[in-house]
Amino acid sequence: MAAGITSFGAYIPMYRMNLETLNQVWGGWPMPGEKAVANCDEDSLTMAVEASIDCLNGIDRKSVDSLYFASVTPVYREKQTASIIAKVTNMRRDVATIDIANSLRGATLAMRAAVDAISAGSAKRALVAAADCRIPPPDSEFERLFGDGAAALLFGDSDIAVEIEGSYSVSSEFIDIWRREEDDAVQTWEDRFVITQGYFEHLQEVVLGLFKKYNLTPKDFDKVVLYAWNARRHRELAGRLGFDFEAQVQDPLLIAIGHTGTASALMMLVAALEKAKPGDRILFANYGDGADAYILRVTDGIEKLRDRRGIKKHLDSKAMILNYGKYLHFRNMMQWAVQREPPQYAALTMSWRDRDWVLSCTGYKCRRCGTIQFPKQRVCTWCQAKDEFDDVVLADKRGTVFTYSLDYLTTVTPDPPNIIAVVDLDGGGRIYTTMTDRDPEKLTPNMQVELTFRRLHDSQGVHNYFWRCRPIRV
């Protein structure tokens, strides 16, 4: 039973920071480009949700049998993230959820597990989502390099858009970049040793091994997606392997969004698939604790996936962070003044009871009059029918701002002001929530918005999430 890629999706945060902003603070040589910066209410979980929703556009989420989440920055060190993603995206209760952590190669390790599960018959559809939001040390090479983002691939045995013709993998105990339990930021060794003995050595071994196993040469590929350590080394690696950099090699997106950790290679692949034509053969190679290489063949099914937001549409939708102070606030990288505001509370008992409408954004439709309510109530506000409701998922609906308020005083936020909005959803239902990814100067009544899953606050050691609205990203 052959397995292949049946859909893809990606997510890039709205905010970007020009690297010249870092140069103005720390000095040094000017560097071109910008990095994607997750909003203060985003993390690896929320970005993985966004990429998964993009990937599953037009696909019944109840049909997904397995969900693999790959990240080196999961939101909990001891608590599965994949299970939360499954609930937020409204998958089946019996979906298999697996977290793959501790390696930047996690996405392709998850990809291998998904393909094996489908080939073995234990799953018909498997979703692989990868996301990272790494906090680099200030005034470091990593601060200029790291960006935030996510990607997702759906695997199945029918309606295949990208066939998997072959693969080759190597495992290695080599240490190049690491973070211990007590470390907030990553560490690395001397650059020449890491590049020559790690990055070059392992990717050359896996790609040349793939060539030998399947009797192929560099000229047999239309597009090459190679994991990128940085722009200079990426180009050098392509030359060592005999590829025409300008004609064959996929842009690593380092100048546009930065290195997105576990999601990096997957996001490059999504960018390549957005432009791929039926019949194209793609080499896909990832690195970290060894390396993986895949031979991919694009089919006619790729034409059905042109409506994804993917990489290109997210790249075209952005807002700039104009100063380093706002970036520090977003990352909570300093000790701030004590805020005189009521403390935030969390109650796991309440969160469990309300999980359907809090996480899955499930509303309730009255069986008598058809009125949609959110959140759950026992009595219909229109016809007063009691306990006569059917569930309706509202997360995918767009809406219109009915009214809003700007709060500069009572609620402290790294991205002031706090904007409260009342939104009338398309098809019925009204939600009272906060607005994110917005320009306060451009808000208007009747603005079209969409819902997005975000992190509200932390309290008593628990991350609290809910659905916010944002202006529709084009």
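Basis for what follows: all heavy atoms, side chains included, without hydrogens, waters or symmetry-related copies.
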Might you point out which heavy atoms bring [X] and [Y] nearest each other, and give the distance in Å?
| X | Y | result |
| --- | --- | --- |
| Cys366 | Ala385 | SG-CB, 4.1 Å |
| Pro440 | Pro417 | CG-CD, 3.6 Å |
| Ala421 | Met435 | CB-CE, 4.2 Å |
| Ala152 | Leu127 | CB-CD1, 4.2 Å |
| Ala51 | Tyr11 | N-CB, 3.9 Å |
| Ser459 | Asn464 | N-ND2, 4.0 Å |

No-hydrogen, no-angle side-chain donor-acceptor test under 3.5 Å, [X] and [Y]:
| X | Y | answer |
| --- | --- | --- |
| Asn418 | Thr413 | no |
| Thr436 | Asn39 | yes |
| Tyr76 | Asp99 | no |
| Thr362 | Asp356 | no |
| Thr452 | Arg468 | no |
| Thr400 | Asp424 | no |

To the nearest 0.5 angstrom, please state how far the [atom1] atom of [X] sits from the [atom2] atom of [Y].
| X | Y | atom1 | atom2 | value |
| --- | --- | --- | --- | --- |
| Asp41 | Asp437 | CG | CG | 6.5 Å |
| Arg454 | Met47 | CZ | CE | 10.0 Å |
| Ile431 | Phe374 | CD1 | CZ | 4.5 Å |
| Asp60 | Arg92 | CG | CZ | 9.0 Å |
| Leu451 | Ile472 | CG | CD1 | 10.0 Å |
| Asp159 | Leu154 | CG | CG | 10.0 Å |

For a salt bridge (Lys or Arg N to Asp or Glu O under 4.0 Å) check, start with the C-alpha distance between Arg331 and Asp148, then their side-chain angles and the critical distance, and finish with the verdict.
CA-CA 12 Å; Arg331 288 292 174 269; Asp148 306 320; 2.2 Å; yes
Just checking [X]: does its [atom1] atom have more than 12 heavy atoms from other residues, nucleotides or ligands closer to it than 6.0 angstrom?
| X | atom1 | answer |
| --- | --- | --- |
| Asp183 | CG | yes |
| Glu182 | CD | yes |
| Lys79 | NZ | yes |
| Asn102 | CG | no |
| Arg297 | CZ | yes |
| Lys304 | NZ | no |
| Ile255 | CD1 | yes |
| Met350 | CE | no |

Under the side-chain hydrogen bond (donor to acceptor under 3.5 Å, both in side chains) rule, what do Thr299 and Glu163 come out as? Steps first, then yes or no, please.
CA-CA 7 Å; Thr299 75; Glu163 297 173 343; 5.9 Å; no
Could you go through Tyr227 and Asp292, starting from their C-alpha distance and side-chain angles, then the distance that decides it, and tell me whether this counts as side-chain hydrogen bond (donor to acceptor under 3.5 Å, both in side chains)?
CA-CA 10 Å; Tyr227 175 95; Asp292 298 317; over 6 Å; no
Identify whether the distance between the nearest side-chain nitrogen and carboxylate oxygen of [X] and [Y] falls below 4.0 Å.
| X | Y | answer |
| --- | --- | --- |
| Glu450 | Arg309 | yes |
| Asp391 | Lys365 | no |
| Glu388 | Arg367 | no |
| Asp458 | Arg455 | yes |
| Glu143 | Lys35 | no |
| Arg306 | Glu303 | yes |
| Lys326 | Asp415 | yes |
| Glu50 | Arg470 | yes |
| Lys313 | Asp316 | no |

Ignoring hydrogens and angles, tell me if any N or O in the side chain of [X] forms a donor-acceptor pair with the backbone of [Y] under 3.5 Å.
| X | Y | result |
| --- | --- | --- |
| Asp43 | Val75 | no |
| Ser264 | Gly261 | no |
| Arg179 | Ala185 | no |
| Trp178 | Thr188 | no |
| Glu274 | Ile311 | yes |
| Arg368 | Cys383 | no |
| Asp132 | Ser71 | no |
| Thr21 | Met17 | no |

Give me each pair satisfying ring-ring contact (aromatic ring centres under 6.0 Å, His included) with a member in residues 404-448, each pair once, sequence neighbours excluded.
none
If you draw the axis of the six-membered ring of Phe155, does the NZ or CZ of Arg125 fall within 45° of it and under 6.0 Å from the ring centre?
no
Hey, mind stepping through His457 and Tyr465 against ring-ring contact (aromatic ring centres under 6.0 Å, His included) and telling me if it holds?
CA-CA 7 Å; His457 60 79; Tyr465 297 88; 9.9 Å; no
Does the separation of the ring centres of [X] and [Y] fall below 6.0 angstrom?
| X | Y | answer |
| --- | --- | --- |
| Trp357 | Tyr364 | no |
| His329 | Tyr324 | no |
| Tyr327 | Phe330 | no |

Ile98: side chain to side chain contact (heavy atoms under 4.5 Å, CB included) partners, not counting sequence neighbours:
Tyr68, Ala96, Ile100
4.5 Å side-chain heavy-atom contact, Lys318 and Ile257:
no
Applying side chain to side chain contact (heavy atoms under 4.5 Å, CB included), run through Ile302 and Phe8 and close with a yes or a no.
CA-CA 10 Å; Ile302 199 72; Phe8 59 78; 3.8 Å; yes
The test is salt bridge (Lys or Arg N to Asp or Glu O under 4.0 Å); show your working for Asp426 and Lys397 and say whether it passes.
CA-CA 6 Å; Asp426 296 347; Lys397 293 183 178 295; over 6 Å; no
